[in-house]
Peer 1: 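Questions regarding the structure given below will be posed in turn.
Per chain, numbering begins at 1; letters A, B, ... match sequence-line order.
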There are 2 protein chains.
Amino acid sequence: MEKSQKIIFASDENCPVRRSLNLLGGKWTLLILFQINERIIRYGELKRAIPGISEKMLIQELNFLVEHKFVSKKAYPEIPPRVEYSLTKLGLKTLPIADTLATFGLESLT
Amino acid sequence: MEKSQKIIFASDENCPVRRSLNLLGGKWTLLILFQINERIIRYGELKRAIPGISEKMLIQELNFLVEHKFVSKKAYPEIPPRVEYSLTKLGLKTLPIADTLATFGLESLT
DNA sequence: CTGGATCCGTGATGATACTG
DNA sequence: CAGTATCATCACGGATCCAG
């Protein structure tokens with residue numbers, strides 16, 4: 001497996017903006033969290049909800065988010081497979097960030 | 001000149017989170033805006049305020065931000081040169097985003 | 001002091017085909 | 001359906017030199 005691609009810099013010390021950005025600053029990260037939102041959503045649904053993302057990036061981000069406890073994953077041993085993703089308590093706390101981005105996008109961008 | 005490295009995707013259509021992320025999703029973008037904040041700040045000060053950033057990236061981001069009307073730049077024809085940066089009205093509207101990131105960093109990260 | 005310009009490595013990102 | 005594997009590409013970003 002390709003190794004985790006998001007690097008945590010030790011030198012970020014104590015700037016809270018930087019600490020948040022290190023975890024959530026990925027190109028798709030906040031968008032994925034925002035799309036999951038308060039739903040329990042399947043992989044395929046999520047993929048359709050985010051047009052343009054490649055499968056690789058979606059899986060990679062989801063694994064990252066699960067690993068860092070933003071997202072919880074539940075797999076059902078069925079045929080065909082079913083996997084459901086939802087936000088953890090920590091993940092829910094990131095929603096205000098995406099909300100602020102959405103508000104800005106709506107109010108201030110053409 | 002190296003061509004502008006931040007690419008605006010046409011396919012983002014109407015998701016406001018994505019529109020915001022396209023402009024502000026750069027590695028240093030929000031951090032720079034946050035550091036300028038409500039100040040009028042010189043280039044050298046700003047550089048010192050953001051340890052770790054290379055001059056190239058700082059200039060590149062500042063040019064991008066000026067170009068997109070988030071930041072205004074005032075150069076004084078003096079020797080030695082003096083250049084002051086500050087947020088435009090639009091730039092000020094991005095501060096809530098950085099604030100939310102800061103809040104999350106303070107409250108929810110180790 | 002405030003930049004501009006170029007070289008260049010590396011990791012991040014993406015397209016596509018494949019598997020259980 | 002939910003991923004994996006492989007391969008190609010591109011943006012990020014450091015180093016360095018230069019200029020007004």
Peer 1: How many Å lie between CD1 on A/Ile50 and P on C/dT13, as a whole number?
Peer 2: 14 Å

Peer 1: What integer distance in Å separates A/Tyr76:OH from D/dG3:C1'?
Peer 2: 18 Å

Peer 1: Using whole Å, what does the distance between atom C1' of nucleotide D/dG20 and atom OH of B/Tyr43 come to?
Peer 2: 15 Å

Peer 1: Does A/Glu78 reach a base, just sugar-phosphate, or nothing at all? Heavy atoms under 4.0 Å.
Peer 2: nothing

Peer 1: Closest nucleotide of DNA chain D for A/Pro81 versus for A/Glu55: which of these residues is on the 5' side?
Peer 2: A/Pro81

Peer 1: Is atom CG of B/Leu106 surrounded by more than 12 heavy atoms (other residues, nucleotides or ligands) closer than 6.0 Å?
Peer 2: yes

Peer 1: List the atom of B/Phe104, the atom of A/Lys93, and the distance in Å for their closest heavy-atom pair.
Peer 2: CD1-O, 3.6 Å

Peer 1: Ignoring hydrogens and angles, answer whether the base of D/dT4 and the side-chain atoms of A/Lys56 contain a donor-acceptor pair closer than 3.5 Å.
Peer 2: no

Peer 1: For B/Tyr76 and B/Glu84, test the side chains for any donor-to-acceptor distance below 3.5 angstrom and give the result as yes or no.
Peer 2: yes

Peer 1: Does C/dG4 have its OP1 or OP2 closer than 4.0 Å to a side-chain nitrogen or oxygen of B/Asn63?
Peer 2: yes

Peer 1: Expressed as a whole number of angstroms, how long is the span from A/Glu61:CD to C/dG14:C1'?
Peer 2: 13 Å

Peer 1: Let me know the distance between CD1 of B/Ile59 and C1' of D/dA19, rounded to the nearest Å.
Peer 2: 14 Å

Peer 1: Whole angstrom is fine here: how far is it from CZ in B/Arg82 over to P in C/dG3?
Peer 2: 12 Å

Peer 1: Quick check on D/dA11: is either OP1 or OP2 less than 4.0 Å from any side-chain nitrogen or oxygen of B/Trp28?
Peer 2: no

Peer 1: Counting only heavy atoms not in A/Glu38, do more than 12 fall under 6.0 Å of its CD?
Peer 2: no

Peer 1: Answer with base, sugar-phosphate or nothing: what part of the nucleic acid does B/Tyr85 contact at a heavy-atom distance below 4.0 Å?
Peer 2: sugar-phosphate

Peer 1: Counting side-chain heavy atoms from C-beta on, which of D/dT4, C/dC1, C/dG14 comes nearest to B/Arg42?
Peer 2: C/dC1

Peer 1: How close or far is atom P of C/dC1 from atom CD1 of B/Ile79, stated in whole angstroms?
Peer 2: 13 Å

Peer 1: For A/Ile41 and D/dA2, what is the distance between atoms CD1 and P respectively, to the nearest whole Å?
Peer 2: 10 Å

Peer 1: Quick check on D/dG3: is either OP1 or OP2 less than 4.0 Å from any side-chain nitrogen or oxygen of A/Lys73?
Peer 2: yes

Peer 1: Select base, sugar-phosphate, or nothing to describe what B/Gly52 touches, counting heavy atoms under 4.0 Å on all strands.
Peer 2: sugar-phosphate

Peer 1: From C/dT2, D/dG14, D/dG3, pick the nucleotide closest to the side chain of B/Met57?
Peer 2: D/dG14

Peer 1: With a 4.0 Å cut-off, would you call B/Glu55 and B/Lys47 a salt bridge?
Peer 2: yes

